[in-house]
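All remarks here apply to the structure that follows.
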Amino acid sequence: MISRREKVAYGLGDTASNLIFQTVMLFLAFFYTDIFGISAATVGTMFLVVRLIDAVTDPMMGLLADKTRTRYGQFRPYLLWLVIPFAVCSILAFTTPDLNATGKVIYAYVTYTLLMLAYTAINIPYSALGGVLTKDPKERVSVQSYRFVFGMLGGLIVTLLTLPLVDFFGQGDRALGYQLTIGAMSAFGVVLFLLCFAGTKERVQPPAEQHLTLGSGLRNLWQNQALRTLAMVAVVLLIGIAIKNTLAIYYVKYYLLREDLITAFISLGMVGNILGCAVANPLTRRVDKVIAYKALQIIAAVMSVAAFWVRPDQLVLAFALYFLWSFFLQMATPMLWAKIADVVDFGQRQSGIRATGLVYSSVVFFIKIGIALGGAIAGWWLAFYNYQAGQVQTQHTQFGILVAFTVLPAIASLLVAWIMRRYTLDQARVIKIARELTSES
């Protein structure tokens with residue numbers, strides 16, 4: 001059993017990650033279009049290009065982490081080594097130098113690329129760390145529940161404080177306000193990453209005789225059918241999430257016509273995220289996590305598409321459905337990440353190779369592909385429906401925002417539930433594999 005204190009320490013690392021990740025997901029598109037002055041179509045293309053570049057580096061980072069050997073372990077040292085570069089890159093991405101239109105685009109591409117690469121370099125080892133804290137499959141959901149509860153607390157900090165801090169620090173200069181706000185959050189994140197480093201311990205080690213190369217590792221991944229299924233799930237799931245998160249601000253400002261309620265709306269969604277993650281562990285004690293995961297995707301799809309019929313004046317219903325979508329969708333998230341650790345065990349049982357970092361980085365690779373496609377689709381969708389930043393939108397544009405915010409994420413969740421029919425690592429099989437690996441070690 002892992003102590004509650006260590007689970008909290010591990011969760012603080014995701015608080016730190018989400019201070020930046022959720023800011024990027026929720027505010028970066030709006031920051032680029034309405035603060036920095038870049039067109040929505042350009043932002044959509046940039047999101048796709050940069051996130052694809054970043055995604056390609058994931059397997060390389062996973063392999064590097066798997067081959068790392070230090071007195072602190074394989075994965076923990078990266079939290080110590082990279083926390084300052086990550087903070088600096090975060091601030092640069094939300095800085096707005098006085099440049100012409102072309103210069104702004106170039107600066108955005110460069111700084112956003114640096115931010116995503118720094119995020120990869122610290123988050124891949126952090127994610128893999130969750131797979132080596134315990135050998136117990138039942139404890140894995142608990143570890144990931146703590147992770148995502150604290151991660152979403154980081155998101156709640158972002159949703160509650162970002163816009164008020166922008167106003168406080170900027171005093172009318174919103175560009176300066178964003179820069180100083182991200183600076184404050186980055187400094188807080190540094191402290192949290194260091195607490196995560198100090199409070200965790202790696203307990204699961206790869207076989208001593210293991211010699212892992214990129215080629216052998218990738219062959220092992222390709223042969224892992226369970227991993228291939230999770231990869232497909234990751235892409236489709238994150239397309240839907242990225243679209244909905246990117247357009248949440250636009251939905252409130254331009255469809256509900258209540259810009260003053262943006263902070264309340266996205267904060268309520270984050271509360272739903274937190275409560276959903278907290279409920280995941282008790283649920284999986286009673287229901288197999290594969291069955292629960294598919295059911296939750298279907299419920300989330302219903303909650304999302306139901307909002308299509310909500311009128312702009314039905315604010316309570318709009319808020320309630322967004323909360324419920326967040327609650328049910330995020331209840332499934334710890335189950336997904338626990339399944340990744342199960343896939344690592346399955347791969348080791350199948351081939352004798354334990355590639356924790358490479359497996360986690362591969363799933364994150366496909367998560368980023370999904371985020372890239374979702375962010376690009378959101379930007380292109382806005383452009384297709386003739387979105388004009390900072391102006392009253394036409395009914396045609398409002399309808400486009402509504403469809404993308406409600407229907408597209410629902411389709412994604414239904415596809416995820418359908419894809420999960422191919423996933424065969426139920427709880428009984430996972431426990432059997434874990435026992436076999438323990439007896440062989």
Side-chain angles (χ1 to χ4, degrees), residues 15-40 42-44 46-47 50-51 83-101 103-119 154-192 242 245-254 259-267 269-270 371 375 378-379 382 387-391:
T15 307
S17 291
N18 272 277
L19 289 174
I20 304 304
F21 180 77
Q22 292 294 340
T23 303
V24 168
M25 290 286 285
L26 292 168
F27 291 100
L28 191 59
F30 182 79
F31 172 81
Y32 281 144
T33 59
D34 288 44
I35 306 299
F36 205 19
I38 301 174
S39 72
T42 301
V43 171
M46 179 175 63
F47 277 8
V50 172
R51 288 168 177 171
V83 62
I84 298 300
F86 179 46
V88 171
C89 291
S90 302
I91 296 169
L92 290 176
F94 282 87
T95 298
T96 55
D98 186 14
L99 301 169
N100 60 26
K104 288 181 178 181
V105 173
I106 293 173
Y107 179 84
Y109 263 92
V110 171
T111 54
Y112 184 41
T113 300
L114 289 174
L115 172 59
M116 295 308 293
L117 292 177
Y119 181 80
L156 184 61
I157 292 171
V158 169
T159 59
L160 285 174
L161 297 184
T162 297
L163 294 181
L165 286 177
V166 167
D167 293 337
F168 174 77
F169 286 128
Q171 296 296 309
D173 184 345
R174 302 196 75 194
L176 177 63
Y178 269 99
Q179 182 189 45
L180 295 179
T181 297
I182 298 303
M185 289 186 179
S186 297
F188 185 40
V190 168
V191 175
L192 296 179
N245 285 345
T246 299
L247 293 179
I249 294 176
Y250 298 88
Y251 173 75
V252 178
K253 182 175 181 178
Y254 297 114
E259 184 176 5
D260 59 310
L261 295 179
I262 289 175
T263 294
F265 186 80
I266 59 178
S267 296
M270 202 59 64
I371 293 173
L382 289 172
Y387 168 77
Q388 300 295 321
Q391 299 182 20

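Since we're looking at a predicted model, the values are computed, not measured.
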Legend entry - Distance (rounded to the nearest 0.5 Å) between Phe188 CZ and Leu19 CG: 6.5 Å

Inset, instruction - First locate atom OG1 of Thr23, then atom CG of Leu28, and finally report the distance between them rounded to the nearest 0.5 Å. - result: 9.5 Å

Nearest heavy-atom pair of [X] and [Y]: which atoms, and what distance?
{"X": "Thr33", "Y": "Ala40", "answer": "CG2-CA, 3.9 Å"}
{"X": "Gly154", "Y": "Thr15", "answer": "CA-CG2, 3.7 Å"}
{"X": "Ala389", "Y": "Asp34", "answer": "CB-OD1, 3.4 Å"}
{"X": "Tyr109", "Y": "Met46", "answer": "OH-CA, 3.4 Å"}
{"X": "Thr159", "Y": "Ser267", "answer": "OG1-OG, 3.0 Å"}
{"X": "Met185", "Y": "Ile157", "answer": "CE-O, 4.2 Å"}

Inset, instruction - Ignoring hydrogens and angles, tell me if any N or O in the side chain of Lys104 forms a donor-acceptor pair with the backbone of Phe36 under 3.5 Å. - result: yes

Inset, instruction - Could you tell me whether the side chain of Tyr254 and the main chain of Ile249 form a donor-acceptor pair under 3.5 Å? - result: no

Taking the side chain as C-beta and beyond, is there a heavy-atom pair between [X] and [Y] under 4.5 Å?
{"X": "Phe27", "Y": "Ile266", "value": "yes"}
{"X": "Phe169", "Y": "Leu176", "value": "no"}
{"X": "Leu114", "Y": "Val110", "value": "yes"}
{"X": "Thr162", "Y": "Leu26", "value": "no"}
{"X": "Leu115", "Y": "Ile20", "value": "yes"}
{"X": "Leu247", "Y": "Leu382", "value": "yes"}

Donor-acceptor pairs are to be reported for all side-chain atoms of residues 84-97 against protein atoms at under 3.5 Å, with residues two or more places apart or in another chain.
residue: Ser90; atom: OG; partner: Phe86; partner atom: O; Å: 2.8
residue: Thr95; atom: OG1; partner: Ile91; partner atom: O; Å: 2.7
residue: Thr95; atom: OG1; partner: Gln179; partner atom: NE2; Å: 3.0

Inset, instruction - May I have the step-by-step check of side-chain contact (heavy atoms from CB on, under 4.5 Å) for Ile262 and Lys253, ending in yes or no? - result: CA-CA 7 Å; Ile262 289 175; Lys253 182 175 181 178; 4.2 Å; yes

Legend entry - Test log, rule side-chain contact (heavy atoms from CB on, under 4.5 Å), inputs Asn18 and Phe21: CA-CA 5 Å; Asn18 272 277; Phe21 180 77; 3.8 Å; yes

Legend entry - Test side-chain hydrogen bond (donor to acceptor under 3.5 Å, both in side chains) applied to Ser39 - qualifying residues, sequence neighbours left out: Thr42

Inset, instruction - Apply side-chain contact (heavy atoms from CB on, under 4.5 Å) to Ile371 and Met116, showing your working. - result: CA-CA 12 Å; Ile371 293 173; Met116 295 308 293; over 6 Å; no

Inset, instruction - Go through the structure and list residues passing salt bridge (Lys or Arg N to Asp or Glu O under 4.0 Å) with Asp98, not counting sequence neighbours. - result: none

Inset, instruction - Would you please test Leu163 and Tyr178 for side-chain contact (heavy atoms from CB on, under 4.5 Å) and show each step? - result: CA-CA 8 Å; Leu163 294 181; Tyr178 269 99; 3.6 Å; yes

